[in-house]
**Student:** 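What follows is a single structure, and I will ask about it in a moment.
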Amino acid sequence: MNTMETTNRYIAATYARVPLALERGRGSLLYDEAGKEYIDLGSGIAVNVFGAADEQWLGAVCRQAAKLQHSSNYYYTKPQAELAALLCRKSGMESVFFSNSGAEANECAIKAARKYASDKYGPGRHGIITLEGSFHGRTLATLTATGQEAMHLHFGPFVEGFSYVPANDLSAMQAALDRGGVCAVMLEIIQGEGGVRPLDCAFVQGVARLCRERDVLLLVDEVQCGNGRTGKYFAYMHCGVQPDIVTTAKALAGGLPMGATLFGAKTKDVLGPGSHGSTYGGNPVCAAAGVSVVSRIDEALMAGVTEKGEYIKNRLAGAPGVEDVTGMGLMIGVKTAKDVRDVIAACRERGLIVLSAKDRVRLLPALNIPMDILKKGIDILTEVIAQ
Ligand SMILES: *Cc1c(COP(=O)(O)O)cnc(C)c1O
């Protein structure tokens with residue numbers, strides 16, 4: 001049996017996979033098992049921010065793996081300390097909890113929000129408001145937080161206390177907050193899985209104000225849109241708000257599993273010894289990868305992200321077969337006249353990898369994708385969409 005056949009036979013069928021067995025890559029070019037080359041505009045869902053097998057990233061990973069691959073959190077390790085300090089410097093947050101995925105980063109945020117309210121106000125103030133169309137993960141609590149009915153089938157009973165408000169509807173948010181018992185509001189600045197839908201900054205600022213007035217925590221899920229993807233380190237920075245808790249993952253270690261929950265001034269001391277933990281969390285190899293990635297996401301790189309994002313939008317907006325373009329920086333959604341599955345399949349035929357989000361084509365290229373490769377990719381995409 002080949003890779004696809006063995007996978008389909010032995011791996012639980014939770015993914016609707018594209019019929020493509022990837023073997024290796026260099027930067028923004030990937031190769032399948034037959035050696036066919038693809039331009040990669042997906043980065044493994046916004047993960048490989050410096051592309052495949054990037055030399056600096058590889059060096060950081062290999063050096064740490066050769067020293068000590070894991071220690072557990074009984075002990076101190078330098079890569080973890082460095083990464084935490086770096087993230088706080090980039091974000092203005094105060095402390096960090098490391099985990100292994102976006103879902104875990106959000107679980108931690110949910111637990112911390114509940115403990116903050118429980119410490120300060122006693123029991124009963126455990127409600128968490130999220131947005132319709134959101135995606136926060138696949139564990140039971142983060143699935144409950146995810147505001148998509150279709151994902152809630154079959155898995156109940158759910159974690160109590162979650163409610164959902166339409167995105168960009170500030171009066172609905174105020175009404176939900178005024179029902180009381182709420183400890184936090186959680187939102188993505190750009191809904192990724194929900195179809196690359198940015199929130200209005202006026203809404204984000206309004207929510208921040210409503211939360212502040214009520215001592216309700218603002219939790220911002222930057223798992224997908226964070227780490228330079230939108231042209232600022234975190235997407236909330238476009239709106240000039242300072243969240244109480246920020247979560248991130250995907251790009252954080254550039255291709256190794258790592259999640260982080262960042263705490264602000266109000267929440268930095270909420271989780272004390274024994275209140276939360278993770279065996280692998282902040283693993284030294286992942287953390288060394290993280291230090292290498294995060295320290296390279298600087299102003300110059302992000303200026304390039306903004307510029308390349310504008311380039312993509314200019315090429316696509318109004319092009320034949322394109323109905324709408326959304327997103328910011330190198331996180332872009334394209335509504336096409338053609339069915340998105342047909343676009344993905346036709347692009348694959350022609351050596352281009354793109355993703356989908358709901359009914360849109362989703363582009364999440366490496367932040368350092370060379371301009372000539374990006375141009376070739378967009379050439380193919382516009383031709384496929386126009387056909
Ligand atoms: C991908 C994603 C998650 C879940 O991350 P995992 O690493 O798959 O657990 C959570 N929130 C957002 C916004 C995401 O895009």
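When a ligand or atom number is given, it counts from 1 through the structure's own listing order.
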**Student:** Enumerate, atom names and distances included, each donor-acceptor pair closer than 3.5 Å involving a side-chain atom of residues 149-166, sequence neighbours excluded.
**Tutor:**
from : atom 1 : to   : atom 2 : distance (Å)
H152 : NE2    : L143 : O      : 2.8
H152 : NE2    : T146 : O      : 2.8
Y164 : OH     : T144 : O      : 2.4

**Student:** Side chains of N283 and Q80: is there a donor and an acceptor less than 3.5 Å apart?
**Tutor:** no
**Student:** Regarding R362 and Q224, is there a side-chain donor-to-acceptor distance under 3.5 Å anywhere?
**Tutor:** yes
**Student:** Could you tell me whether a side-chain N or O of K308 sits under 3.5 Å from a main-chain N or O of I369, the two making a donor and an acceptor?
**Tutor:** yes
**Student:** What residues, two or more places apart in sequence or in another chain, satisfy side chain to side chain contact (heavy atoms under 4.5 Å, CB included) together with K358?
**Tutor:** Q148
**Student:** Write out each pair where an N or O from ligand 1 and one from the protein are under 3.5 Å apart, with the distance.
**Tutor:**
from     : atom 1 : to   : atom 2 : distance (Å)
ligand 1 : 7 (O)  : G102 : N      : 2.8
ligand 1 : 9 (O)  : G102 : N      : 3.4
ligand 1 : 9 (O)  : A103 : N      : 2.8
ligand 1 : 11 (N) : F135 : O      : 3.3
ligand 1 : 11 (N) : D221 : OD1    : 3.4
ligand 1 : 11 (N) : D221 : OD2    : 2.8
ligand 1 : 15 (O) : Q224 : NE2    : 2.8
ligand 1 : 15 (O) : K250 : NZ     : 2.7

**Student:** Could you work out, with side chain to side chain contact (heavy atoms under 4.5 Å, CB included) as the rule, every residue matching T3, not counting sequence neighbours?
**Tutor:** T7, A21, E33
